[in-house]
Amino acid sequence: MAELTYRDAVARGIAQEMARDPDVVFLGEDVAKAGGVFKATVGLLEQFGPLRVRDTPISEQAILGAAMGAAMTGLKPIAEIMFSDFFAVCFDYIANEFPKSRYMSNGQTKCPLVVRTGNGAGSRFGAQHSQSVENWCMMIPGLKVVAPSNPRDVIGLLAAAVRDPDPVIFLEHKSLYATKGEVPDGEIVDTLGTASIVRPGKDATILALALMVPRALAAAEKLKAEHHIDCEVIDVRSLVPLDTQTILGSLARTHRLFTVEENPRLCGWGAEIVSIAADEGFYDLDGPPVRITTPHIPLPAADILEDIALPTVDRIADRVKRSLGA
Amino acid sequence: MAELTYRDAVARGIAQEMARDPDVVFLGEDVAKAGGVFKATVGLLEQFGPLRVRDTPISEQAILGAAMGAAMTGLKPIAEIMFSDFFAVCFDYIANEFPKSRYMSNGQTKCPLVVRTGNGAGSRFGAQHSQSVENWCMMIPGLKVVAPSNPRDVIGLLAAAVRDPDPVIFLEHKSLYATKGEVPDGEIVDTLGTASIVRPGKDATILALALMVPRALAAAEKLKAEHHIDCEVIDVRSLVPLDTQTILGSLARTHRLFTVEENPRLCGWGAEIVSIAADEGFYDLDGPPVRITTPHIPLPAADILEDIALPTVDRIADRVKRSLGA
Amino acid sequence: MARKPARAPNDDIGEDVRLRMYRMLVEIREAEQRAFDLFLQNLVKGTSHLSLGQEAVAVGFACAMQPGDLSFCTYRGHAHTLARGVPVEKVLGELMQRDNGLMRGKGGSMHLTSEEHGVMGSYAIIGAHLPIACGAAWRAQYKGHSDVSVCFFGDGTTNIGAFHEALNFAAVWKLPVVFVCENNLYMEYTPIGEVTAVEHPAAGRASAYGLEAIVIDGQDADEVYRAAMKAYEKARAGGGPSLIECMTYRYSGHSRADPAKYRPEGELDKWLKRDPVKIYRERLKQFGIEEKVIEKIGADVMRVLDDATEKCKAAPMPPLELLTTDVYADGGWAWRN
Amino acid sequence: MARKPARAPNDDIGEDVRLRMYRMLVEIREAEQRAFDLFLQNLVKGTSHLSLGQEAVAVGFACAMQPGDLSFCTYRGHAHTLARGVPVEKVLGELMQRDNGLMRGKGGSMHLTSEEHGVMGSYAIIGAHLPIACGAAWRAQYKGHSDVSVCFFGDGTTNIGAFHEALNFAAVWKLPVVFVCENNLYMEYTPIGEVTAVEHPAAGRASAYGLEAIVIDGQDADEVYRAAMKAYEKARAGGGPSLIECMTYRYSGHSRADPAKYRPEGELDKWLKRDPVKIYRERLKQFGIEEKVIEKIGADVMRVLDDATEKCKAAPMPPLELLTTDVYADGGWAWRN
Ligand SMILES: Cc1ncc(C[n+]2csc(CCOP(=O)(O)OP(=O)(O)O)c2C)c(N)n1
Ligand SMILES: Cc1ncc(C[n+]2csc(CCOP(=O)(O)OP(=O)(O)O)c2C)c(N)n1
Ligand SMILES: [Mg+2]
Ligand SMILES: [Mg+2]
C-alpha cells in the first residue's frame, strides 16, 4: 500500500501495461519529452523509449486515426487527447470510425485502443477547456466509456481498458489529478462495467462519477449528520458497459434516486439512467428521480462563477433533503 | 394550397428567406450548380446567383467556420452539411464555437446561422451515412435544434431558423424528402420551440420526431382500430427550445408516456424528456414511461436489417399495447 | 523520331504480371458493369460508386503489392477490393445485401472489407482513412514488419483536414505508407479545379510535406505498376511515405444516383479513347501475346462473373440476428448488464 | 561596405506611426509582465499565455490596420487585443476574472473579445479561427466592404486540419484575409521542427495554396508593419489571401504552468539580444527621436498600467447572475418553456 496522486496513478497504470505487453504504445501531444501538460505521463519516455512513447504534431485526427490503424493491425495503442474538449476536432474517429468498423466489417476489424483525456471543470480554463464530455461518448454505440474517481481506480480501470478488445474512452478528471489515495502494491487490474457502492445507505441512492463522487460522499455525510438521512452513494465508474444491476438493486432498497452529473444537463448520463430507472424501476420509486447537474450552459472562466456552475456538496445535499421532504 | 414534396419545400423555404433578406447566403458541397445531392436546393443558384449560392471544397470545417465568421459580421448564412454523420468532421464548430462564443464574450458575439443537413436512416447507406444525430446536437448548450416531419414545417421552421438570432441545427430527414404534403401559398413562418399535437388522444402520449412522426401516427391508428387505445401523438419538432409544457400537459391528461426515437438508445432526446417527465410529471404517470428507440448499435446496410433496426409501426403499437396491458 | 526500342515480354514487368493485370482489369470492368445492371434490376440496394474507367489505378497498385501489404479504400472501393483477389461473388453479394456478401450485408457497398486479403476497409467519410493507414504503417515500422500500407482516395479528398494531418504525420514519422490520389477531375459533381487552389490537388501539395510531386497516367496499368513498385520499395527501405497523383476518369456518375450531366460535351469521349482496358489489350498484343489467350481471359472472367451473379441472386438475405452481432469484440452488443 | 542611407522620420512608416508602435510595444511588454506578477500574487486565475518577446508581431500587424479591420486571435491573444486599443484595465480585469473585465470574467484569459475594437475573439481550440476569419472575409467580399480579416496563430497550428481547409478555401474564394503565423519555434513544449515535415511550417506550405512563401523577422516591428501593409493592400484590392510567417520567440513558458525547461541552453539569451522593444527603441533613436520623448512614453504606459492594476484589484467579482446570461441572443439561457 502506498499513497499516490491520481496524476501519478496514470503514469503507473500506463507503465504497468507497457511493461507487461510490448504491443502497448503511447502517443499524444507533448506526452513524451515533456511528460504531458498535466504531468501525468512523466517518466514513461525514459522507461520505454522513443519508439513506444511518442510526441505528435497538433493533429488530433492523425493521433486517433493512427491509433486506430495500429490497433487494427496488432498494437494496443493508448492515445492522449490533451483536453476532452478537443474530442470535437477528432470526433469522426470517436463517433464514426472506432465504434463502427467491427460492426460494418461483420466482425473482421478489431479496434483495441484507449483514448485517455483530461476531462472536466474546476481549473478556471473557460468554456473550451473545461467540459465534461462523458455524454458525447456514451451516446455512441460501440464505445466503452470509463471515468475513475480515485488513484486506485485509475490504475485498475486503465489496465482493464488497455486489455479490453474494444475501443475505450478513458476520462481522467483534471480536478482530481492532485488528489491522493491509497493504492495497493503490485499489479492492479479492475473490471469494466462495474459500479461500486462507495457508501451504503438506506434512504436514497445517489449516483455520481469522477469529481462528483467525493462531492456526493460529502453530501451524504452532511445529510446524515444534519438530517439523519442515510444515502447510498454509488460510483458509477463505467458508463458503458453500465452496471444497471447494481444501480437498480440499490434503487430497490432505497426507493429514491438522485444522479449527480457534471456534464451539462441535456441528454446526460443521468438522463439515461433516470430513464432506465423510470422504466424498469418504476414501481420501486417512492418519489421523482432527480438529476442534479451543471446547468445547460457553456462554462464560465471566473472562479466565482465556475464554482456555482458545477453541483456542489451543498447543492446536492439540499436537493436531496428537499426531495425527501426532510 | 399546393402539394409539395419535403425536398421541394427545402428549396422553397430557402428561396423565401433569400428573397426577403439579402444577408441570407447559402454554401455547401455541390449545393449550387448541382442543386445538392438530394436535389433539395435545385434552382437556387439560378434564382440568387453565384455570389449567394456557393459550392465549396470538401472542407466541412471551412464550411461551418466560414458560416460562423460571416454570421458574426452581419450575414445570415445557411450552411449545408451533406449528411449529418459528417457533423463528426466539423464537430468543433457545432460543439465548441457556435454555441459558446456569445456566452464567452459576455454577449458580444452573435451567431445567427443555420446548419441544414440530411439526417436519418432508410436509404441502405450503412453506418456512416444513416445516423440520426439529433442527440449529438441537443446535448450541446447554446444550440437550437429543429427536425421537421412534413413539407409545411420544413418551410415554416426553416424560416424561423433563418430569422432566429442563434445558431440553429436543422435536421432534414433523408427518408422524408420524397414525401408530400399540403403547403399554403405565400410566406410561411413558424415558431421554434413549439411542439404540435398531431393527433389528440386520451389513453397515452406518444412523442415522435421527423420520420418517426408518421410511424407514430400510423401506430396510433392501429392501436385505435385494433385495441381501442386512443393515443395522443405529439410531433416534438423542436428539441431546443423544448416545448416541455405541451408535453407535460399531454401527460397530465393521458398519464402514460412513450417516446419514439430514431437516434440510438443511449442519451437520446427520449431519455431527456422521459427524465423530465419522471421528475416533474412523476405523480401524473400511471405506469413506466417507455422509450422506443433504435437499438444501441451502428446501423446495418442491408435493407432487411435496417428495416428492423428503426422503430416500426408494429413495434411502436406493440410496445404501447403491452405497456397499457391491453 | 527515334523508334521505340523493341520490348521483350520479360521486361521489368514481365508476362505473368501482365496477364494477371489484364485479367484483373477485365474482371473489374465487367464486375462494375454487372453491378450497374443489377442496380437497374433493383437487385443492388443502397448506393454504389463505380470505378469504370479507373481500373488501371487499382490494378497497377494491387498487382505491385506483396501478400501482407494493406489496402485502405474509399466508398469507391469495389475495384481495389477485387484487385486484391477478393472473389467477385463476395463483392456482388455485399452490394446485393445478401448473406453471402463480404460482410453479410452489414457494411454495404461503401465499406468493403476483407482483412484476409489485406483489404483493411473501405471508408465513407472523406479523408478518414488516411490517418488510419498511417497507424497501420506505424505498426509495421514499430514491429519491423516489411509490409506497406496503401491508401486510395480521390482528388476532392485533398481539401479536407485529415489529408493534411495524415501527410504531415506520415512524413515526420517516415512511415511506410503510400498515398494514392485518383484524380478523376471531379469531387461529386463539382470539378476539382473550381474548389482547389492548385492545379494538381495532390502533387501540388507534396512539397508541403517534403515529398516529391508525382503525377502519373492512371490509364496505363504499366505506368501505375512502375510508380507503385518504386514507392513500395522506398517505403520498405525506410524512406518514408509517397504521394502519387494518378490522372484518371470515371465513365459513369459519381454514384448510382448521378447521371453526370455536369460534364462538358466530349469530355467522356476523349477519355474513352484512352480506355485502360483497351490500352492494356493493345499492350499485350504489342508484347506478342496471342489474341486467343486474351480472349480466353475475357471468357474466364465472364464465366466466373455469371456464376457469381447467379449465386448471389440465389443467396438468402442475412438472418435477422445479425442486427445485433459484432458491435463489441465478444460478438454481441450488450452495453449494460 | 556601403553606408546605410540616412532615413528621414517621414519615410514610408513615419514618425506618428513609429511612436504609436513603440508605445504599444511597451504597453504589451509591461502588461504581460504585470499579468505574470499578478499571477504570482495569485490574482490571475486560470491559465494565461503571454506574448513576452513576440510583441512586434502584434504591434506591426495592428498598427497597419484601419479601423474596421478585424483581428482573430488565439489564447495567446493579450498582445493582439491590446494592440487594437483595448484598455489594459479591461484585459487585466478579465485575467483577474473581475466584473470590470472585458467579458466580465465569463471568457477568461484565452477568449479576449472586443468587437468594438475589431477583436473578433480569441480562440482556444487550435486552428478553429482560421475558417472563421475566412467567413468574416467572405462577408466583406460579399458586401463590398473594404475591411481585412487578420488571423493570428502559432507554428504548431499549421499541422491541424482546419489550417489546411481554411487556406485552400480562402485561396479558392480569393478572400480578403491575412493569415499570420507566429513561429516561436515551439508548440507547447515540443520544438516545431520535430513534428513538422518542412522547415517553415507556414511558408513551406504556401505553395500548396498557390500563395507566395513569406518569412519575415518578427522581432522588427517595421518589417512586420511593411509586410502587413502589403498583404492588406493586396487583400483590399481583391488579390486574395496572404500567409505570412513571422520568426519570433516567447521569453516565458507556453503558459503560466510551464517553466520552459525544455529549451536548449543559450537559446533564450540569443533571442533576448534581438528583443523587439530594444530594437525599436534603437530605431526611434536612429530616426532622431529624443530620449525624453521615449522615456515619457514608457512613463505614461506605466502610469496607466499601475492605475489599471489598482482598479482591477479593487473591482468586484462578477455577480452570480452572470452564470446564466447570454447563452442565447435573448440574453438568457432558457432551453425549454
Ligand atoms: C467528410 C465527408 N464529406 C462529404 C462527403 C460526401 N462525399 C462522398 S464522395 C464525395 C466526393 C469525393 O470526391 P473525390 O475525393 O474526388 O473522390 P471520387 O468520388 O471522385 O472518387 C463527397 C463530397 C463524405 N462522404 N464525407
Ligand atoms: C485542437 C487543440 N489541440 C491541442 C490544444 C492544446 N494546445 C494549446 S496551445 C498548443 C500549442 C500551440 O502551438 P502554436 O500553434 O505554435 O502556438 P503558440 O502557443 O506557440 O503561440 C496546444 C497543443 C488545443 N488548444 N487545441
Ligand atoms: Mg474525384
Ligand atoms: Mg508556437
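Numbers restart at 1 for each chain; the letters A, B, ... are given by sequence-line order, proteins then strands. Computed from a predicted structure; not experimentally measured.
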Please flag which part of Ala124(C) lies under 4.5 Å from any non-hydrogen atom of chain B: side chain, backbone, both or neither. both
Just say parallel, tilted or perpendicular for the rings of Tyr6(B) and Tyr177(B), cut-offs at 30° and 60°. perpendicular
Thr56(B) portion near chain C, given a 4.5 angstrom heavy-atom threshold: backbone
Check this for me: Phe36(C), atom CZ, are more than 12 non-hydrogen atoms of other residues, nucleotides or ligands nearer than 6.0 Å? no
Can you tell which part of Glu94(C) gets under 4.5 Å to a heavy atom of chain B, answering side chain, backbone, both or neither? neither
In terms of heavy-atom pairs under 4.5 Å, which option from Asp30(B), Val37(B), Leu305(B) contacts chain C the most? Asp30(B)
Indicate whether the side chain of Thr309(C) and that of Arg34(C) have a donor and an acceptor atom separated by less than 3.5 Å. yes
Where on Leu266(B) is there a heavy atom nearer than 4.5 Å to chain C: the side chain, the backbone, both, or neither? side chain
Heavy-atom count check: over 12 atoms from other residues, nucleotides or ligands less than 6.0 Å from Glu199(C) CD? no
For Tyr262(C), is it the side chain, the backbone, both, or neither that has a heavy atom closer than 4.5 Å to a heavy atom of chain B? neither
Less than 4.5 Å to any heavy atom of chain C: does that hold for the side chain of His296(B), its backbone, both, or neither? both
Look at Gly126(B), Pro295(B), Pro298(B) and state which one has the largest set of heavy-atom pairs under 4.5 Å with chain C. Pro295(B)
For Thr47(C), is it the side chain, the backbone, both or neither that has a heavy atom under 4.5 Å from a heavy atom of chain B? both
Tell me which of these, Ile160(C), Asn159(C), Leu323(C), Thr190(C), has more heavy-atom pairs under 4.5 Å with chain B than the rest. Leu323(C)
Should the pair His254(C) and Tyr75(C) be assigned to parallel (<30°), tilted (30 to 60°) or perpendicular (>60°) ring geometry? tilted
In the structure I gave you, are the side-chain heavy atoms of Thr259(B) and Met212(B) within less than 4.5 Å of one another anywhere? no
Is chain B contacted by the side chain of Ile126(C), its backbone, both, or neither, given a heavy-atom distance below 4.5 Å? side chain
Assert top hit (heavy-atom pairs under 4.5 Å, partner chain B, pool Lys45(C), Glu188(C), Met317(C)) equals Glu188(C)
For the pair Arg124(B) and Asp307(B), find out whether any cationic side-chain nitrogen is under 4.0 Å from an anionic carboxylate oxygen. yes
With a 4.0 Å cut-off on N to O distance, would you call Arg76(C) and Glu182(C) a salt bridge? no
